[in-house]
Chemist: 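There's a structure below that I have some questions on.
Note that this is a predicted model, so its numbers are computed, not measured. Chain letters run A, B, ... following the sequence lines, proteins first, then strands; residues in each count from 1. Heavy atoms only: backbone and side chains are in, while hydrogens, waters and symmetry mates are out.
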Protein chains: 2
Amino acid sequence: MSTKVYVSAQEVAEKAGVSRSAVSRTFTPGASVSAETRRRVLEAADALGYHVNELARGLMRNESGIVCLIVSDVATPYRAALLRELTLQLQNAGKVAMLINTDRSDGSVDRALRQAISYRADASIILSGLPDKSIAQLCLRSGQRLVLINRDDDQPGPLRINLDDYEAAGRVVTAFVRAGCRRLAFANSEAGTPSLMARERGFVAAARALGMDVTVERYGWTGYEAGKVLAQRLLTRSERPDAVFCATDLLACGFMDTARHQFSMSIPNQLCVAGFDDIEQASWSSYDLTTFAQPVSTIASKAVEWLSEAQPEAVSNQEQSLRLRAELVWRGSIRGG
Amino acid sequence: MSTKVYVSAQEVAEKAGVSRSAVSRTFTPGASVSAETRRRVLEAADALGYHVNELARGLMRNESGIVCLIVSDVATPYRAALLRELTLQLQNAGKVAMLINTDRSDGSVDRALRQAISYRADASIILSGLPDKSIAQLCLRSGQRLVLINRDDDQPGPLRINLDDYEAAGRVVTAFVRAGCRRLAFANSEAGTPSLMARERGFVAAARALGMDVTVERYGWTGYEAGKVLAQRLLTRSERPDAVFCATDLLACGFMDTARHQFSMSIPNQLCVAGFDDIEQASWSSYDLTTFAQPVSTIASKAVEWLSEAQPEAVSNQEQSLRLRAELVWRGSIRGG
DNA sequence: CCCGCTGTTGCAAGCGTGTGCAAATGCTGC
DNA sequence: GCAGCATTTGCACACGCTTGCAACAGCGGG
């Protein structure tokens with residue numbers, strides 16, 4: 001049981017009776033090799049179990065084919081779905097995803113980026129963490145492409161992909177009003193993410209425009225538990241809201257559960273609820289939640305597409321900001337769909 | 001806006017007034033450098049923004065620090081949780097995770113492994129796909145360590161981490177019987193994964209041992225939708241079961257939802273339900289599902305620990321199979337906890 | 001004063017690949 | 001048969017790093 005080491009291009013060349021360059025060219029798309037040489041090389045390579053050493057290749061080309069995904073809350077439904085789509089599409093584009101988890105807050109985003117740089121990643125896609133300016137700078141200065149998803153940031157250079165959170169929130173107000181709701185509430189977390197805040201502002205503004213006031217409550221961190229607490233708070237008020245827009249589907253799930261089980265309210269009869277993200281659970285019959293769909297697939301494809309374009313210096317002339325529309329998915333948590 | 005290229009050890013050496021080797025040694029733990037040299041190198045490196053090129057380092061050392069995670073169904077709650085834990089612990093051990101998604105079935109596991117090999121990954125952790133023998137062989141022959149999670153395979157070499165699915169299923173029978181249930185059913189998918197099948201066999205065997213029969217139904221692929229269909233089938237039978245063990249929490253969620261909303265059954269009064277995995281949704285108050293917890297954290301730490309041990313040739317002498325206990329988490333979906 | 005020892009340092013040889021350049025080869029047209 | 005050209009091939013260098021080896025400095029003991 002000898003630990004068979006990796007086989008190098010040199011060995012393949014010897015076996016095939018050609019030069020090492022021929023081997024290299026065989027595995028380099030667009031290089032000049034005769035059909036015959038190619039055949040012999042491929043045959044020898046297969047027999048020996050040869051695989052191009054991407055490390056060495058990356059060293060030469062100064063581009064590794066690696067794309068870093070910098071992400072927190074991987075286990076969260078929305079993030080997981082986005083991650084799935086991104087990895088799939090990156091793979092399809094011949095790139096490979098390096099996953100960096102920033103859940104532990106010990107300055108790990110920083111260490112993560114540094115890691116990414118050490119592996120000479122061609123690009124980083126950030127779907128988490130505060131868009132720390134210095135970090136992004138570091139990234140760009142190293143010649144990396146950078147994509148920020150749902151992280152507003154005013155720097156030029158990176159591609160920013162965002163949704164129309166503000167406008168979407170307005171559309172929910174319309175839906176609530178059409179359902180005959182009068183006492184609107186917005187349930188948010190304290191995370192303060194730009195997209196969360198945009199939803200809040202959009203919701204409040206649209207309500208005001210119709211002459212309605214909205215109760216805003218914020219608590220904790222964007223998850224199911226926070227939704228429960230928010231329901232606690234909002235439903236024990238003197239004037240119960242009859243419509244709640246939750247900044248996130250997870251919040252909405254927690255909210256609905258306590259509204260039903262603890263306050264025995266009926267949805268959508270006594271309370272209309274809307275969420276955001278369209279996570280899988282939103283479609284489960286226990287929730288049947290009307291919500292906004294994140295166009296994960298489009299987000300991913302836009303990002304990968306942008307990364308694949310060879311545009312070394314066409315950086316700041318074109319608009320690097322993408323604004324996608326969040327489509328409302330009608331389900332049963334608002335009356336009269 | 002000049003595209004600042006990466007800075008090399010050479011430049012750092014010049015700036016610090018030392019040789020390139022000194023720089024290299026400064027960043028190599030355990031190498032012999034004087035405190036003074038070290039200080040000057042670090043200073044210069046910091047000023048220039050130097051980062052060791054892991055590609056080149058990996059080329060020399062013949063180990064890249066990369067660990068491949070080969071996974072399907074990333075967006076699934078259990079998988080996402082495991083993924084989270086693995087990336088976190090790998091990072092902690094100074095390794096970096098390369099994520100390979102095998103959702104698309106176009107022989108992508110094969111391509112994935114090949115990818116892993118091309119990047120000279122030190123190890124691969126497989127939590128998906130059929131444990132294709134030739135693939136695993138390929139992996140091992142290239143000197144990679146291999147970890148299989150919940151994928152039984154009888155090859156020596158890889159570390160196999162499994163749960164006591166068979167015995168756990170037996171414990172659920174006891175719980176059902178104690179709750180006074182008499183008509184047991186098992187809801188499974190058609191995926192036929194070893195662990196799923198072990199749960200089924202264990203459940204049936206334990207019931208038989210108590211002189212009870214169990215209705216087994218299998219449908220589709222392990223998800224929420226399949227759970228709904230399984231409920232359809234099992235609850236329209238002439239003799240409705242009064243206890244169902246679902247092979248997976250996701251199945252259980254789908255099952256409970258149609259049992260309640262479509263058959264207006266009350267859980268746990270008319271129907272006891274148990275699941276497996278303890279995904280986050282199991283604890284949501286709409287489900288409050290009694291289930292088995294996957295010890296994700298332990299699984300991850302065992303895997304990472306094993307990978308970090310320097311055991312080049314102590315391969316087949318010790319038992320490479322780990323069997324962890326799935327702990328039953330009592331919630332409200334079984335009477336009389 | 002010299003010997004041997006310990007701790008640092010620099011040199012240079014690799015690691016496995018891509019690629020520019022020049023040589024070689026094959027082919028066409030006269 | 002030979003010039004002219006297009007295509008293929010091999011040589012050799014570069015990429016950024018690690019590490020064995022030898023040189024060297026410092027230092028205490030005899």
Side-chain angles (χ1 to χ4, degrees), chain A residues 3-42 44-45 48-66 94 115 117-122 142-143, chain B residues 4-42 44-45 48-66 115 117-122 142-143:
Chain A
T3 1
K4 205 61 154 145
V5 276
Y6 285 103
V7 27
S8 76
Q10 178 69 3
E11 307 175 45
V12 177
E14 281 161 15
K15 169 140 189 159
V18 297
S19 80
R20 199 184 48 73
S21 329
V23 179
S24 181
R25 284 191 245 264
T26 301
F27 290 100
T28 303
S32 160
V33 213
S34 73
E36 169 61 10
T37 314
R38 179 185 201 76
R39 194 190 56 73
R40 286 168 62 189
V41 168
L42 285 179
L48 266 53
Y50 169 75
H51 300 268
V52 177
N53 187 333
E54 290 288 345
L55 263 43
R57 174 177 272 179
L59 187 55
M60 268 302 299
R61 293 222 183 121
N62 218 20
E63 61 173 54
S64 56
I66 298 176
Q115 188 84 274
I117 292 178
S118 293
Y119 279 97
R120 299 302 189 256
D122 299 339
S142 313
Chain B
K4 210 48 159 152
V5 276
Y6 285 103
V7 27
S8 75
Q10 176 71 351
E11 306 175 46
V12 177
E14 280 162 16
K15 169 142 189 158
V18 298
S19 80
R20 199 182 45 253
S21 331
V23 178
S24 182
R25 284 192 245 263
T26 301
F27 291 100
T28 304
S32 160
V33 212
S34 74
E36 170 60 11
T37 313
R38 179 184 202 76
R39 195 190 54 72
R40 286 168 62 188
V41 168
L42 285 179
L48 266 51
Y50 170 75
H51 299 268
V52 177
N53 186 331
E54 290 288 345
L55 263 43
R57 172 178 275 181
L59 189 55
M60 268 303 300
R61 294 222 182 123
N62 218 19
E63 63 173 54
S64 57
I66 297 177
Q115 188 84 274
I117 292 178
S118 292
Y119 279 96
R120 300 302 190 253
D122 299 338
S142 312

Chemist: Go through DNA chain D in 5' to 3' direction and return only the first and the last nucleotide with some atom under 4.0 Å of chain A's heavy atoms.
Modeler: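 Result: D/dT8 to D/dG16.
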Chemist: How many angstroms lie between atom CG of A/N62 and atom CG of B/L55, to the nearest 0.5 angstrom?
Modeler: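 Those atoms lie 9.0 Å apart.
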Chemist: Just grab all the salt bridge (Lys or Arg N to Asp or Glu O under 4.0 Å) pairs involving residues 26-35 of chain B, residues at least two apart or on different chains.
Modeler: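 Pairs touching residues 26-35 of chain B that pass the test: none.
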Chemist: Residues two or more places apart in sequence or in another chain: which of them pass salt bridge (charged side-chain N to carboxylate O under 4.0 Å, His left out) with B/R57?
Modeler: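 B/R57 satisfies salt bridge (charged side-chain N to carboxylate O under 4.0 Å, His left out) with B/E54 once adjacent residues are dropped.
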Chemist: Go through DNA chain C in 5' to 3' direction and return only the first and the last nucleotide with some atom under 4.0 Å of chain B's heavy atoms.
Modeler: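 Span of nucleotides near chain B: C/dT8 to C/dG16.
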Chemist: Can you name the salt bridge (charged side-chain N to carboxylate O under 4.0 Å, His left out) partners of A/R39, sequence neighbours left out?
Modeler: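 A/R39 satisfies salt bridge (charged side-chain N to carboxylate O under 4.0 Å, His left out) with A/E36, A/E43 only.
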Chemist: Going by side chain to side chain contact (heavy atoms under 4.5 Å, CB included), name the residues that satisfy it together with B/I117, two or more places apart in sequence or in a different chain.
Modeler: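 Side chain to side chain contact (heavy atoms under 4.5 Å, CB included) list for B/I117, sorted by chain: A/Y6, A/H51, B/R120, B/L138, B/S142, B/Q144.
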Chemist: Please name all residues satisfying side chain to side chain contact (heavy atoms under 4.5 Å, CB included) with B/E14, sequence neighbours left out, ordered by chain then number.
Modeler: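 Expected list: B/Q10.
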Chemist: So, do A/Y50 and A/L42 sit near enough that their side-chain heavy atoms are less than 4.5 Å apart?
Modeler: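 Heavy-atom side-chain distance check fails, nothing below 4.5 Å.
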Chemist: For A/A16 and A/A44, which heavy atoms make the closest approach, and how far apart are they?
Modeler: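 Minimum heavy-atom separation between A/A16 and A/A44: CB-CB, 3.8 Å.
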Chemist: Heavy atoms only: give me the nearest B/V18-B/V41 pair and the separation to one decimal.
Modeler: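 It is CG2-CG2, 3.9 Å.
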Chemist: Quick check against the 3.5 Å criterion: does A/R20 have a side-chain atom that pairs as donor or acceptor with the backbone of A/A9?
Modeler: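 No.
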Chemist: Only pairs at least two apart or in different chains count here, so list each side chain to side chain donor-acceptor pair (under 3.5 Å) that has a residue in residues 25-34 of chain A.
Modeler: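 Listed once each, the pairs are A/S34-A/T37.
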Chemist: By the 4.0 Å heavy-atom rule, please label A/S32 as base, sugar-phosphate, or nothing.
Modeler: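 Here A/S32 touches the bases of the nucleic acid.
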Chemist: Identify, residue by residue, the members of residues 49-62 of chain A with a heavy atom below 4.0 Å from DNA chain D, and return them in order of residue number, or none.
Modeler: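 Within residues 49-62 of chain A, the residues near DNA chain D are A/L59, A/M60.
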Chemist: Which residues within residues 16-30 of chain B lie with some heavy atom under 4.0 Å of an atom in DNA chain D?
Modeler: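 Here the set is B/R20, B/S21, B/S24, B/R25, B/T28.
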Chemist: Axis-to-axis angle across the helix from C/dC1-D/dG30 to C/dC30-D/dG1, five pairs an end, to 10 degrees?
Modeler: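 Terminal axis comparison yields 50°.
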Chemist: Do you know the tightest heavy-atom contact between A/F27 and A/A45?
Modeler: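 For A/F27 and A/A45, the tightest heavy-atom pair comes out as CZ-CB, 3.9 Å.
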Chemist: If I take atom CD1 from residue A/I66 and atom CD1 from residue B/I66, how far apart are they, to the nearest 0.5 angstrom?
Modeler: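 The CD1 atom of A/I66 sits 5.0 Å away from the CD1 atom of B/I66.
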Chemist: Taking all non-hydrogen atoms of both residues, which atom of B/L59 and which atom of A/A56 are closest, and how far apart?
Modeler: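 Shortest heavy-atom contact: CD1-CB, 3.8 Å.
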Chemist: Please report the shortest heavy-atom distance between A/G49 and A/V7, naming the atom on each side.
Modeler: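 In this case the closest contact between A/G49 and A/V7 is O-CG1, 3.3 Å.
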